[in-house]
Each structure stands twice: as C-alpha cells, then as structure tokens.
Number of protein chains: 2
Amino acid sequence: MAVTIKDVARRAGVNPSTVSRAIHNHSAISEKTKERVRKAMADLDYSRNSAAQMLASGKSGAIGVIFPPIENKSEQPFFMKILTAINEEAHQNKITVSIASGHTIEELLSQVRVMYQEKRVDGFIVLYAGEADDVRDYLLAGEIPFVIVGTPIERANEMTAVDNDNKLMGAEAAQYLAGLGHKKLAFVTNTDKGEVFHERYRGFEEKIKSLGLNGQLLYTSESLALDNVTALVVLDDILAIKVIQGLTERGITVPDDISVISFNNSVFASLIHPYLTTFDINITQLGHSSVQKLLHLIADPDDFREKVTVPFELKVRESTKAVN
Amino acid sequence: MAVTIKDVARRAGVNPSTVSRAIHNHSAISEKTKERVRKAMADLDYSRNSAAQMLASGKSGAIGVIFPPIENKSEQPFFMKILTAINEEAHQNKITVSIASGHTIEELLSQVRVMYQEKRVDGFIVLYAGEADDVRDYLLAGEIPFVIVGTPIERANEMTAVDNDNKLMGAEAAQYLAGLGHKKLAFVTNTDKGEVFHERYRGFEEKIKSLGLNGQLLYTSESLALDNVTALVVLDDILAIKVIQGLTERGITVPDDISVISFNNSVFASLIHPYLTTFDINITQLGHSSVQKLLHLIADPDDFREKVTVPFELKVRESTKAVN
DNA sequence: CTGAAAGCGCTTACAG
DNA sequence: CTGAAAGCGCTTACAG
C-alpha cells in the first residue's frame, strides 16, 4: 500500500539501511547517494511510518503537555496560548504534542502513566508549578524527562523550570507607579496561595520599602479599605477588571482617582475601558523555551537542570496615570 | 528492559499470541486462560508498547484535534473547554489526542498531512466549520475519517458534523424576550460572516416575524441606533460585554432600560455585572459526541455521515428583565 | 481453544 | 562509504 523505505531503496538502487541513514543525514553516507535517495523519496512521496521508527529506535517523537487538574482552565487564556506556542516549536522540530488533562490528580496521573509506559511520549511539559503533587513525584521518581512552566516550591534544583521573574515584575509594578508620583499603594489579591502571588507580592513589598513608600496588602474577599491609596497592583487581569468595576460602583474612577496595574496582558486587558496597564509575560517564549529545554533533556538525560527566565514587558494602557 | 508480551507469556505458561488475544478479549480464548494472563500482566506490571501495536495492527490509537488558523484562539474559552472534553472522552476509550494548530492554512495543512501520513493519528476532529478550506479538502479527498464541530456550508452531506441548533437558539432568544413583553428588538453583531451568525440571526428574524414583532439588525461597527428598542440579542458574550459598556457610557442601563441576551455562556458571562443571560451551548457534550462519532467512523469508514445536534440551555442571569 | 510462524517498516551494530 | 542481517514488540492468518 503505502510507500516504504524498501520502495525508496529499490528506486534509488541502494539498500534500505542506506536509505535510513540518508534520511537521518548520517555523516558516513556520500552526498551523491543522499541526493539519489532524496530524489527517490520525493518521486515516490515517501513518508516515514512513525510506528516503525518508534519501535526500532525506542523514541516516540512526541511530547506530552500536562494541564493543571483544575476546572477553570478554559477561563485562562494562558493555557491555549502556551499550547499553541508549544505546538509551533514542536512542529518545527518534527515532534508531535499530545495532551494530558483531568479534573483530579488521580485522573491526570493515570493519563500521564499510560502515555509514558506505552511509550507514546518521550517527555512532558507540566503547565503548573507550586507545591509538589503525585504527578510530579511520579515524573521525578521515574527519572522521566520533563520541564515545568512556573516555579516549583520544593526540590526546585532537581528540575528544569521555565518562568518569568515574578518577583522582579512585582518590583517593577511598584517602581512604575512610584515614577508616576504615587506614594500610597496597595497590592490586591484574591488568594494568598501560590508562588505567583508570593513572588509578585514579595517584589512589590521590598521595592516599596526600599523606596520608603507606603504599601499594604488587600484581599478582595473583604471590601477594599482604600484610605488615601492612589494606586493598586492587582494580581491578574481578571481580578483587575472586577476590582475596577467594584470601584466604579463606589464612585471611584480609574485612572482619575486611582491607578491600577495588573499582570498577564490577557484578553481581559483590552476587553473594556479603561484598558489595563499590565505586564506581558511573553507566553510564546515560555512555550518555545520549554520545548527546547525538554528536547535537550530527552536527548541527554544527564543534562543539568536549570531555571530559564523569560523576559516580560509592561504594556501601558489606560488604567494608570500620574498623580496631579 | 521493559516487560513485554513474551515475559507475560512465559509467566502465564502460554504462547505470546495467546497473550495478545487475551488482552483483546478475543472470544476464542477460554476464561481460565484469560484469567491466568491477566494475573501475569498484573504481577509483572505489563504495559503494551504502543509503537509495536501500531506497527502490527496499522492503527495508531490516537486522534488529532485541528484548531482554526486564527490568532485569537486563546481569547475564546471554547477551545480549551472542548479540548478538555475531547481528551476526557478519548482517554475513556484508551485513545490519546494530539493537536494541530497553525497561524496559516498552509502551516495547519502541513501538520495535518504529517500526522496522517506518518500514521500518528487515525482521524481528526476539526474545530472550525463554515466555508471549505484546504485542510478540509485534503481530508475529504484522502477519505480520512474526521468530524467537524460546527456546521459546514458546502458538501455538508459528505461529512459528520456535531453542532448546536443555532437557528433554534436565535429563535428562542427572540421568544424569551417576547415572553418578557419586549416588542421592539434588535440583533447585534460585529460580523456578517460565518454560519454561526447566519443561523442565529435567521432564527431570530423568522421568530420575530411569526410573532408579529419588530426586529432589526445592528452592527457594532457603527454606533447603535437604538430608537425605542428595548431588547438586544447579541452574537456572543464578549461582544455583549462591550455593547453593555457602550450603553452604560451613553447613560443607558442594562437591564433597566434595555435587556440583553447573548450566546455561549463563557467566562465573560459572569465576569462583571450585570451577569449575562446567555445560552449554554454544552461544550462538554459537543466534545464527547465528536469523539464518539469519530471513533465510529474510524472503526467503520463506510458508516453514514450524519449531523449530531447537541441541546442548549438558556441561563437566565441579570441582563434581562420584563418590560414594565 | 491454542501454538508456531511470518510480517508490520524501520534502525543499527557488524562486516567489508 | 555501503550492504546483509537481526531485532524492536506486537498481531493475525493458518494449522491443528
């Protein structure tokens, strides 16, 4: 039926093994032969059979992407965006990407297990960090190649992670607002969990102190006690939109009465006015880098673990303003 | 290294071929033997090697999900949500899902080609409908099993499609508003392209006529000419949020002055107040059904093509109100 | 109901 | 620089 390496070999007048070597651009094969083989492949419209290649080589040519076991993934544009970026980079490297997602850790682990044990993938990109879970433990215990997007809390030095510098981002948020003349600021969050919150807040706090300004931490679970605060740093875009609506209802206008800066530069940032001043976290590069790192790890399992920091960029829009 | 079917055979005291048959629950194998084989598999923690299975059987045990070649996929929660549902159903059927996505049709087609020619997947789920494109032509021409989520415009009877009844949804929107006493309505859109718009609007229009009410079509590209309209049917949630903000700026309040009903029930619907009255399109079932249909098609390529219609449900929230 | 054998389409030491 | 051969781990007609 389908064209195989044998057909190509016959047409090029060589042995199948030579075709295989030519395909992989083996250095021992003469350029002349390679050329003949290439021609034959083109003539016959040859495609490798991935199953045969996998079986013979032991490599699957695929990677798995692991989504967090949460319900509201679809609410966060981050996931679709990074999946697209990962796929793009993978395709460039002639690698396919499969996905693992589940509502619970157990479901997720079961998928990951199957994918790896059946040798469907050579490694994984994990799209959530923070505290360890069964999935990560399984990967570490099995010495399975993986990279984490985000910053793990424990055993960080045992794995490769790709992330933004959230602490620096928090600091730059404070810095930028200080530059606009704001003296009394607050960091607004709806959670006190997670590395992302901790790092962003820590950066904010330290910077505020070093600048000798006034800063506080506010939770959206309570009504925001704003006494004289003129600028807010909000944990993410979605929360910022909600906070702004809450302020508007209280007769407080953004940015005239109060400036707001947030993080992620997602759709929500330019959905309604005031469009948000927010940090672009460069998801595309997060995706590309994680694939590259993973391919290195797969090629050389003893490659050292490292942290890759992807740059961010402040997008100034309508929600911030200098104090008059 | 890894446990193979041979190891299991030895342990169970049978031939490898018997193990294979037992695994597939072949009817010719005695229950007693199956039991022995199962025990041996469990003892040895056996996992099949998918590459070997693919090569020998010609089936990949994987399906591909094709995303639309658009930039703003990540802005629409639909994609992540259906991907999750697809993966869930696939996993239940011991199938993995790989993805294809590209910024252009060419890139997309190249990915789809590779996936199929290399036999990495047995079929595809296409996440966009409307007019034909090179990808769909390729699938049709190659008689490759696929199902479309959405409603194709051309050659609809040649493919299996899974969708909501958008026309009925448009009609029910009008019906619901009429029930609240609204007499002058408008359908608001930002595009006149695409099946989704056409169907929803057509349903709206016909229902308005049959009820003897007044209805018009408004484009958000122009400022909305609202003379005495008391209710709006808006193409989707995102647009509805923007429309509501525009109205608010003009001093028009939703739902007191004007009611708004939209479609999709995405995150945007309950992001800010007024929370939207909107149609839940049941994405989970769209995903599950499309996988089931695809698996049927793969198992039996001569299975007839059909259209599967998934029910929807109106979620009444804050943006609609009876006329006083 | 089960076994022995051939074959799926590649890769890769081993020779030369 | 290239060929012949064995092998990767399954499946599946063919026998019995």
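Since we're looking at a predicted model, the values are computed, not measured. Letters A, B, ... mirror the listed sequences (proteins, then strands); counts begin at 1.
When the shell of 6.0 Å around CD of A:Glu306 is examined, it contains more than 12 heavy atoms from other residues, nucleotides or ligands. Within a 6.0 Å sphere centred on NZ of B:Lys81, other residues, nucleotides and ligands contribute 12 heavy atoms or fewer. Counting non-hydrogen atoms of neighbouring residues, nucleotides and ligands closer than 6.0 angstrom, the CD atom of B:Glu35 exceeds 12 such neighbours.
Look at CD on A:Gln117: it is 16 Å from C1' on D:dG9, rounded to the nearest Å. When rounded to the nearest whole Å, the span between CG of A:Asn25 and P of C:dT11 equals 13 Å. Rounded to an integer number of Å, the gap from B:Lys32 NZ to C:dC1 C1' is 11 Å. Taking atom NZ on A:Lys6 and atom C1' on C:dC8, their separation rounds to 10 Å, with Å as the unit. Across the protein-nucleic acid pair, A:Ile5 atom CD1 and D:dG7 atom P stand 19 Å apart, rounded to whole Å. Rounded to whole Å, atom P of C:dC1 lies 16 Å from atom CD of B:Glu35. Atom P of nucleotide D:dC1 and atom NE2 of A:His26 are separated by 11 Å, given to the nearest angstrom. Note: NZ (B:Lys119) to P (D:dT11) measures 18 Å, nearest angstrom.
Consecutive Watson-Crick or G-U pairs involving DNA chain C, each under 3.5 Å on both distances, make up stems of three or more pairs at C:1-3 with D:14-16, C:5-12 with D:5-12, C:14-16 with D:1-3.
Not a single salt bridge (charged side-chain N to carboxylate O under 4.0 Å, His left out) links B:Glu88 to another residue, sequence neighbours left out. Legend: residues meeting side chain to side chain donor-acceptor pair (under 3.5 Å) with A:Ser30, ordered by chain and number and at least two apart, are A:Thr33. For A:Arg11, the salt bridge (charged side-chain N to carboxylate O under 4.0 Å, His left out) test picks out A:Asp43, with sequence neighbours left out. Judged as a ring-ring contact (aromatic ring centres under 6.0 Å, His included), and not counting sequence neighbours, the contacts of B:Phe312 are B:Phe279. Contacts of A:Glu31 classified as salt bridge (charged side-chain N to carboxylate O under 4.0 Å, His left out), with partners at least two apart in sequence or in another chain: A:Arg38. In this structure, A:Tyr46 has no side chain to side chain donor-acceptor pair (under 3.5 Å) partners at least two apart in sequence or on a different chain.
Distance check: B:Ile95 CD1 to B:Leu295 CG gives 5.0 Å after rounding to the nearest 0.5 Å.
In this structure a side-chain-to-backbone donor-acceptor pair under 3.5 Å is present from A:Asn49 to A:Ala52.
A heavy-atom distance below 4.0 Å to DNA chain C is reached by these residues of residues 9-20 of chain A, ordered by number: A:Ser17, A:Ser20. Near-neighbour residues of DNA chain C inside residues 36-56 of chain B, defined by a heavy atom below 4.0 Å, number-ordered: B:Leu55, B:Ala56.
Remark: A:Thr33 is in phosphate contact with D:dT2, judged by side-chain N or O atoms under 4.0 Å from OP1 or OP2. A sub-4.0 Å separation between OP1 or OP2 of C:dT2 and a side-chain N or O of B:Ser30 is present.
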Contacts under 3.5 Å, N or O only, protein and nucleotides 14-16 of chain D:
none

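Applying the side-chain hydrogen bond (donor to acceptor under 3.5 Å, both in side chains) test to residues at least two apart or on different chains, the pairs with a partner in residues 117-127 of chain A are A:Ser60-A:Asp122, A:Gln117-B:Ser47, A:Glu118-A:Arg120, A:Glu118-B:Arg48, A:Arg120-B:Thr96. Here side-chain hydrogen bond (donor to acceptor under 3.5 Å, both in side chains) pairs that include residues 145-157 of chain B, with residues two or more places apart or in two chains, are B:Thr151-B:Asp163, B:Thr151-B:Lys307, B:Arg155-B:Glu158.
When each of D:dT2, C:dT11, D:dG9 is scored by its nearest atom to the side-chain atoms of B:Thr4, the top-ranked nucleotide is D:dG9.
Residues B:Ser74 and A:Thr84 are not in side-chain contact: their nearest non-hydrogen atoms beyond the backbone lie 4.5 Å or more apart.
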